[in-house]
Amino acid sequence: MEGAAVARDLLALGYEDFLGSVALGPSCPDFRTLCVRLAAELATLGVLEREEGAEALSAGEGSGAEEEFLRQLPGVLQELHCPDRALCGGGDCVTELQEPGACLRLLRFLCTELQASRLLCGHPWRDPSPVEPQPGGEGAEKGASMVQELVLTLQALGLPRPTLGTLASRLLRDIHAKVLQLLPSLPPGSLQPLLSYSLDAPRWEALESLCQSLRGQYYCRRCLLLKRLDLTISAFHWSDRAKAQGEAIKAVLIPIRKALTPETDVSIAHILAARADLSRLVPATSKSAHRGTCCAINKVLMGNMPDRGGRPNELEAPMPSWQSRREDGGSRKAGRQCWGRKKKKK
């Protein structure tokens, strides 16, 4: 699972040429080159403070290249505030990277740091290599939407839009200081998190599995609702008046229908951002709920409707049908039922 996540991150970042060196470890030159490229782009974005022309990591070649790489790696991880103490702690980095999954954790941390730095700095791509990729694509659109969310957050806090090249750490410090400034003005008990205890690794995995299961269920339900909507809309096109206005109806409905997708955007991030007031259930008949759903159609009264039946208790039980005597002179009497088994003909 961790390897698949690292592969997706590398593809999103544009490092698909290094997919084969993900699990090879620091003894492989390609693995060291990948880490050097990631650290170099972080330094280009200003996350790592380096003098011009200086490298954060060096891949090197020869017998001492691996030792030099492992000597520089803990300092880079500490500067990035890596939460994995096994990688950036005071232990032997060589021994730690030989543990199963350690190299994948290292690459996952560097990839996520680079993704966050590109987002906060407003750069969909900045690679230290001279080759520039083609703009656009699904990754660029996703990055643009994330940048837009960040801009909306800054606008909600009353902070100015960051200039090009603003450090991510400085931007986060400004947001944190503004939030601390606004917290005393809120009523007591506001913004209490709904998730009030920390999660360990097994609980995170259980939460992710539960989120995936709920996402699949909501996908099926939304598909069903959208199918009902399509059938309801198609029923309105049957009348002659609707056929005459078919193009006008499509011009109005098609843009709205395209915006309704069965996929949901709810993720674990929404759980972490949820507050305690989200669990308060408001009755649908309350004044506050009715104030949001009240409209002119609620005051329209329906006239007399035809009786559609549907009451089984008013129906009479069916009477059995009786056959009259047959004209061919049958031996059975009229109205008499014979339940015996027929004899076989000899």
Side-chain angles (χ1 to χ4, degrees), residues 1-13 22-23 38 42 47 73-74 76-91 93 96-120 142-143 145-146 149-150 152-153 156-157 168-169 171-173 175-180 182-183 186 188-222 263-281:
M1 182 181 296
E2 191 75 19
V6 172
R8 288 194 300 268
D9 292 341
L10 292 176
L11 288 174
L13 292 170
V22 168
L38 294 173
L42 287 171
V47 181
L73 182 61
V76 173
L77 296 179
Q78 290 178 3
E79 187 174 353
L80 293 173
H81 304 285
C82 178
D84 196 334
R85 300 301 179 188
L87 295 178
C88 60
C93 191
E96 297 297 338
L97 286 179
Q98 290 177 353
E99 295 294 330
C103 295
L104 295 177
R105 299 202 312 270
L106 171 63
L107 291 177
R108 188 71 191 279
F109 172 73
L110 293 176
C111 290
T112 52
E113 283 293 311
L114 183 54
Q115 288 175 341
S117 301
R118 288 183 183 180
L119 169 65
L120 295 177
K142 185 177 181 181
S145 63
M146 298 174 69
E149 293 290 337
L150 180 62
L152 293 176
T153 303
L157 295 175
S169 57
L171 183 60
L172 292 176
R173 283 196 299 266
I175 294 177
H176 184 260
K178 187 64 175 180
V179 170
L180 293 179
L182 296 176
L183 281 178
L186 297 175
S190 300
L191 297 181
Q192 293 296 326
L194 186 61
L195 187 63
S196 57
Y197 56 90
S198 59
L199 300 176
D200 51 8
R203 290 181 177 179
W204 278 113
E205 294 179 359
L207 185 61
E208 176 66 24
S209 176
L210 180 61
C211 184
Q212 292 290 343
S213 178
L214 291 176
R215 189 178 292 118
Q217 293 183 17
Y218 290 149
Y219 179 85
C220 295
R221 295 182 183 184
R222 290 169 69 94
E263 293 82 9
T264 177
D265 56 351
V266 178
S267 62
I268 297 182
H270 293 81
I271 302 177
L272 301 179
R275 299 303 172 210
D277 56 356
L278 188 63
S279 60
R280 299 174 184 172
L281 301 178

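Since we're looking at a predicted model, the values are computed, not measured.
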Q.
Just to verify, what does Leu180 make a side chain to side chain contact (heavy atoms under 4.5 Å, CB included) with, not counting sequence neighbours?
A. His176, Leu183

Q: For Ala12 and Arg118, work out which heavy atoms get closest and say how close.
A: O-NH1, 4.3 Å

Q | Qualifying residues under side chain to side chain donor-acceptor pair (under 3.5 Å), relative to Glu205, sequence neighbours excluded | A | none

(Q) Measuring only between side-chain heavy atoms, which start at C-beta, is Ile271 closer than 4.5 Å to Leu194? (A) no

Q: List for me each residue that meets side chain to side chain donor-acceptor pair (under 3.5 Å) alongside Ser267, sequence neighbours excluded, and say none if there are none.
A: His270

Q. With a 4.5 Å limit on heavy-atom distance, are the side chains of Asp9 and Leu114 in contact?
A. no

Q) Where do Glu263 and Tyr219 come nearest, in terms of heavy atoms and distance? A) OE2-CE1, 3.7 Å

Q: Work out which heavy atom in Cys211 is nearest to a heavy atom in Val266; give both atom names and the distance.
A: SG-O, 4.4 Å

Q: Report the distance from atom OG of Ser117 to atom CG of Leu80, rounding to the nearest 0.5 Å.
A: 8.0 Å

Q: List in chain and number order the residues that pass side chain to side chain donor-acceptor pair (under 3.5 Å) with Arg215, two or more places apart in sequence or in another chain; answer none if no residue qualifies.
A: Gln212

Q: Quick one: pull up OG1 in Thr112 and CG in Leu13 and give me the separation to the nearest 0.5 Å.
A: 9.5 Å

Q: With rounding to the nearest 0.5 Å, note down the distance linking CD in Glu208 to CD1 in Ile268.
A: 4.0 Å

Q.
Going by side chain to side chain contact (heavy atoms under 4.5 Å, CB included), name the residues that satisfy it together with Leu214, two or more places apart in sequence or in a different chain.
A. Leu210, Gln217, Tyr218

Q: Look only at the side chain of Ser213 and the backbone of Ser209, and say whether a donor-acceptor pair between them is shorter than 3.5 Å.
A: no

Q) Pairs in or reaching into residues 195-204: which pass side chain to side chain donor-acceptor pair (under 3.5 Å), with residues at least two apart or in two chains? A) none

Q: In sequence, state the C-alpha distance, the side-chain angles, and the governing distance for Leu106 and Leu73, and then conclude on side-chain contact (heavy atoms from CB on, under 4.5 Å).
A: CA-CA 10 Å; Leu106 171 63; Leu73 182 61; 3.8 Å; yes

